Amino acid sequence: MNTQPNLFADANDSLGGYRHEVKLPAGDLTVYAAQQLFSSLDYKVFEMANNNLQIPGISYMSYTPDVHVGVGTCIGTTAVWDANNGYVSPSIVGSDIGCGMRVHMTNLHKDDLKDVKLRRKLVKAIEKVLPMEANQRGHYSDIRLEHIVRKGLHGLPKKYIPDGYTPKKSTSITHVESSKFTFDEEVLNLVPDMTWHRSHRQLGTLGGGNHFAEIQAIEIAEENRDIAEAWGLVDGQIVVMIHSGSRTWGGHISQTSSSAIAKMMQRNGLGTSDPRLVFAPLEHAEGRHYVNMMYSALNYAVVNRHLIAYSIREAFREVFGSKCEFRTLYDLMHNYAWEESHPDQGSVFVHRKGATRALPAHHPDNPKPYLATGHPALIPGSMGTASYIMVGQSQGVDNFYSICHGAGRIRSRNATKRLVTLADFERALGVGTENEIVVNQRSLESIIDESPQAYKNVDEIIDSVTGAGLAQVVAKCKPLAAVKGAK
DNA sequence: ATGTCC
C-alpha cells in the first residue's frame, strides 16, 4: 500500500481509469494501468520516477502496468529526450542490454504433444543441444564473435540461417525488428580479451534469472483472426518462445560505461537524488561511447536468441523428423535506447527498460513483411502461466508505442523463496498430472524464485494494455514445457 | 541479469 500519498495526490486519471497523469516534484509521469493495479503500486516506483525526472531535458516518462522497482530505474520505464539535445542513461537501459523475445512457429499441433512422456523427451533433446548450466559453454565456437557484434545476423555463416526458417523462402533476418545495428566500431578495441573470450563461449546460451525457452500452444483471439492468419498462426499451433539477452557482453558494457559516465558526472557536477542513476549528454564522448557499445550488445543479443532458436530447432527435428518447420515469427527487444521519429516531436531518443515497442499497421518502422498489419509484439508471462502475441494500436503513439514486457514481479527473489513452498510451485506447474508443464530443472527448488507466485497476474497486465488502447491480443500462448537456465 | 566483489 502507498504510505506517502502526497506525491501523487494530483494524479489525473483518463482513458476510463487506464491512464494516470502523476505530478511529481521533479516532473510529470504517465502510468498506464487499470485502477486497481495503479492503486497497488509500491511508493518506491514513484520515488524512482522522481529521480529519473531530475535528469536534465527529459521530455516524457511513463510506466507500463507491469512496472516494478529495479536498480536506479524501474522495469517498465519509457523515457524520452529530444535526440538533438538529449541524454542517454545506461542506468535506464539496465545491465541486460538488448534483452528480448523471439518466437518460432512449428507445423505441430498441441495434440502432437499431448503425451507428457513426449514432452519430457523433447525437453531432454533440447537439453542436449542448448546449454543451461551456469558457465556452460555454447556450441558455436565456429562463429566469429567479431562478425556478430559488428554485423548482427549478417555476421552469421550461411548454414545458421537455414532455408524455410521463415515463410516464402525469405530469410529469417527479414522477420526481426533489426538484423543489424550500425555503430562506430572503433569502440570495440577497448573491450578486454577476457570479455571477448567469455562472450564467444557464451554465444547461443540462455542465461539465468527470468530467461527461458517455452514450448507453447496458441489460441487465436477471434477479433484478430485475420492478422493471425497473415502472420501464419493457427489455433492449437505449437510455437517456441525464447527470452534472453546479451549475456556477459552487455553486462560488461553496462558496467564499464556506467563507471566512466559516473566519473564524467562528478567532473561536471551532474547528478540526481540517486547516485546509482548515471547519464550523459548524447554529444559527450562518454555518451557517444556508450551508445556505440550498446549497439554492439543489441547485435549480440539478437544473434544469441537466433542461435538458441537454431539449437532448439535441432531438438525438434530430432524428435519430430526433418519435416518439422521452425519459421521465425519475430524477434523483439525490451531493454535498449535509440533514436526514433515522432509525429509531433520529431527526432527523439527513446529509452525502453522492460517496455516493448508495439507498432500499429502502416507505421513506417515496421519491417516490410509486417507493414500492413503491424509487427508481432511478444509478451512473456510468468512460468506456468500464459504468454501473449499482440499487435500495436495507432493510439499507442501517445506512449511512443510502448507496452508492457511481461507479468512484472511483485515479490523479490528472496521473499519468494521464503513465502512460496515447493508444493505451491508444483501445483502451479501441474506436476504429476497429464497436463504437467514439463520443466528441465531436476530440482524445482533451484528456480522457485521464478514461480508464478512471484509475479503479478499477466492477464490483468494485458487487460490494462488493451483497456488503454495501446495494443490488442492476437494470440494467447499456453506453456506445455519450459526450459530454464541454472543459477 | 551477471563468471552475481576489484
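Quick caveat: nothing in here was measured; it's all calculated off a predicted structure. A, B, ... follow the sequence lines: proteins, then strands. Residue 1 opens every chain.
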Whole Å only: how far is the [atom1] atom of [X] from the [atom2] atom of [N]?
X: A/R413; N: B/dT2; atom1: CZ; atom2: P; result: 10 Å
X: A/L206; N: B/dT2; atom1: CG; atom2: P; result: 9 Å
X: A/M132; N: B/dT2; atom1: CE; atom2: P; result: 14 Å
X: A/N335; N: B/dT2; atom1: CG; atom2: P; result: 11 Å
X: A/N304; N: B/dT2; atom1: CG; atom2: P; result: 10 Å
X: A/R137; N: B/dG3; atom1: CZ; atom2: C1'; result: 13 Å
X: A/K263; N: B/dC6; atom1: NZ; atom2: P; result: 15 Å
X: A/Q255; N: B/dT4; atom1: CD; atom2: C1'; result: 10 Å

key: Distance test, side-chain N/O of A/Q202 to OP1/OP2 of B/dG3, below 4.0 Å   =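 Checking B/dG3 against A/Q202, a side-chain N or O does come within under 4.0 Å of OP1 or OP2.
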inquiry  = Suppose we screen for side-chain hydrogen bond (donor to acceptor under 3.5 Å, both in side chains). Which residues come up paired with A/S199, at least two apart in sequence or across chains?
reply    = none
remark   = The side-chain hydrogen bond (donor to acceptor under 3.5 Å, both in side chains) partners of A/T421 (sequence neighbours excluded) come to A/D424
note = Note: contacts of residues 241-253 of chain A with DNA chain B (heavy atom, under 4.0 Å) are A/R247, A/T248
Tabulate below the donor-acceptor pairs under 3.5 Å that side-chain atoms of residues 351-359 of chain A make, not counting sequence neighbours, or state none.
from, atom 1, to, atom 2, distance (Å)
A/H351, ND1, A/A79, O, 3.3
A/H351, NE2, A/S89, N, 3.0
A/R352, NE, A/S402, OG, 2.7
A/R352, NH1, A/Y336, OH, 2.7
A/R352, NH1, A/E340, OE2, 2.7
A/R352, NH2, A/E340, OE1, 3.3
A/R352, NH2, A/E340, OE2, 3.2
A/R352, NH2, A/F400, O, 2.7
A/T356, OG1, A/C404, O, 2.8
A/R357, NE, A/E340, OE2, 3.3
A/R357, NH2, A/D365, OD2, 2.7

task = Could you name each residue pair satisfying salt bridge (Lys or Arg N to Asp or Glu O under 4.0 Å) that touches residues 275-304 of chain A, not counting sequence neighbours?
result = A/R267-A/E286, A/D274-A/R276
key: Pairs flagged by salt bridge (Lys or Arg N to Asp or Glu O under 4.0 Å) wherever residues 177-187 of chain A is involved - sequence neighbours left out   =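 Those involving residues 177-187 of chain A are A/R150-A/E185.
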request  = Going by the ring pair (Phe, Tyr, Trp, His ring centres under 6.0 Å) test, name the single residue among A/F316, A/F326, A/Y310 that passes it with A/H104.
outcome  =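 For A/H104, the ring pair (Phe, Tyr, Trp, His ring centres under 6.0 Å) test succeeds with only one of A/F316, A/F326, A/Y310, which is A/F326.
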task = Report which part of the nucleic acid A/R201 touches: base, sugar-phosphate, or nothing (heavy-atom distance under 4.0 Å, all strands).
result = base
